[in-house]
Amino acid sequence: MERKKLKEQLGTVNQSLFYLMLIILSVLLSFWSVLIQREQMEEALAGNSQKAAVPDVFPIKLIASVLVVSALGFFFCLSLRTCQDAARRNDPVAQKSAGMNVWASLFVLTAALIRLYDLNSNEKIRRSLPTENLQPE
């Protein structure tokens, strides 16, 4: 029984590592999109308007956001499972801690979902605007 429990825990740790890697990948994608935006600003300040040469950052931001939401969804589910396990063990200290972690995970996941919604909403509005309004001054 102990061996089975350890195997389950190892599986959970491996999944956690995978989702942490997704978060790291998301941060790297976000870093890349900021580098692109900086390049666009430098080009605009230099008077060059070579929009075709610089990629659109929306797809990069969208992928980064989706990766974060999926990882945070996993960690929220993990916090719920931990809370249920603490309740089964009837450990009040573990229950209180697990309950706090459920709320923290829920808030972080909610924030990521709001950011994803905002990203999509802004892109939809941006694409509906005439292109001449998007030119730098």
Side-chain angles (χ1 to χ4, degrees):
M1 188 64 160
E2 181 70 25
R3 186 166 176 80
K4 182 181 177 186
K5 182 90 169 156
L6 282 174
K7 281 188 173 186
E8 287 175 12
Q9 289 174 343
L10 179 61
T12 300
V13 167
N14 287 334
Q15 284 181 305
S16 296
L17 288 171
F18 172 76
Y19 284 104
L20 285 171
M21 286 191 297
L22 288 185
I23 290 173
I24 291 168
L25 177 59
S26 172
V27 169
L28 292 173
L29 288 170
S30 295
F31 182 80
W32 182 33
S33 73
V34 171
L35 288 175
I36 291 169
Q37 288 175 317
R38 181 179 71 177
E39 183 180 337
Q40 289 171 338
M41 289 177 167
E42 288 172 345
E43 290 293 324
L45 285 172
N48 303 333
S49 59
Q50 298 175 346
K51 288 190 103 177
V54 182
D56 181 17
V57 295
F58 173 73
I60 300 166
K61 288 182 172 186
L62 181 63
I63 292 168
S65 190
V66 168
L67 290 175
V68 165
V69 167
S70 65
L72 294 176
F74 166 78
F75 287 115
F76 175 66
C77 290
L78 186 60
S79 71
L80 287 173
R81 191 171 13 155
T82 302
C83 194
Q84 290 171 342
D85 290 345
R88 268 187 246 127
R89 290 191 320 266
N90 201 19
D91 181 349
V93 174
Q95 281 179 288
K96 182 175 180 181
S97 177
M100 296 297 279
N101 279 297
V102 166
W103 282 108
S105 295
L106 177 63
F107 290 145
V108 172
L109 177 59
T110 302
L113 287 168
I114 291 169
R115 291 193 64 173
L116 178 59
Y117 174 80
D118 182 56
L119 178 68
N120 282 317
S121 300
N122 287 340
E123 182 64 13
K124 191 180 290 185
I125 292 168
R126 187 183 73 81
R127 291 196 187 272
S128 70
L129 294 175
T131 55
E132 62 270 2
N133 292 344
L134 298 176
Q135 297 298 325
E137 294 179 3

Any [X] side-chain heavy atom under 4.5 Å of [Y] side chain:
X: N120; Y: F58; answer: yes
X: S97; Y: N101; answer: yes
X: E2; Y: L6; answer: yes

Which residue pairs pass the side chain to side chain donor-acceptor pair (under 3.5 Å) test when at least one of the two sits in residues 5-26, sequence neighbours left out?
none
Inter- and intrachain pairs under side chain to side chain donor-acceptor pair (under 3.5 Å), touching residues 75-92, at least two apart:
D85-R88
Could you tell me whether R38 atom CZ has more than 12 heavy atoms of other residues or ligands within 6.0 Å of it?
no
Once rounded to the nearest 0.5 Å, what's the spacing between atom [atom1] of [X] and atom [atom2] of [Y]?
X: L72; Y: L67; atom1: CG; atom2: CG; answer: 10.5 Å
X: S30; Y: K61; atom1: OG; atom2: NZ; answer: 8.5 Å
X: L45; Y: E43; atom1: CG; atom2: CD; answer: 10.0 Å
X: R3; Y: L10; atom1: CZ; atom2: CG; answer: 10.5 Å
X: D56; Y: R127; atom1: CG; atom2: CZ; answer: 5.5 Å
X: L35; Y: Q37; atom1: CG; atom2: CD; answer: 9.5 Å

Under 4.5 Å between side-chain heavy atoms, counting indirect links through other Ile/Leu/Val/Met/Phe/Trp/Tyr residues: same cluster for [X] and [Y] or not?
X: I36; Y: M41; answer: no
X: Y117; Y: L109; answer: no
X: L106; Y: L113; answer: yes
X: L25; Y: F18; answer: yes
X: V108; Y: W103; answer: yes

Within the distance-only criterion (no hydrogens, no angle test), does the side chain of S105 pair as donor or acceptor with the backbone N or O of V102 below 3.5 angstrom?
no
Set out, in order, the CA-CA distance, both residues' side-chain angles and the distance that settles side chain to side chain contact (heavy atoms under 4.5 Å, CB included) for F75 and L20, then state yes or no.
CA-CA 10 Å; F75 287 115; L20 285 171; 3.9 Å; yes
How far apart are the closest heavy atoms of V57 and S33, and which atoms are they?
CG1-O, 3.6 Å
Determine, step by step, whether L62 and L116 satisfy the side chain to side chain contact (heavy atoms under 4.5 Å, CB included) criterion, reporting the C-alpha distance in whole Å, the side-chain angles of both residues, the deciding distance to 0.1 Å, and the verdict.
CA-CA 7 Å; L62 181 63; L116 178 59; 3.7 Å; yes
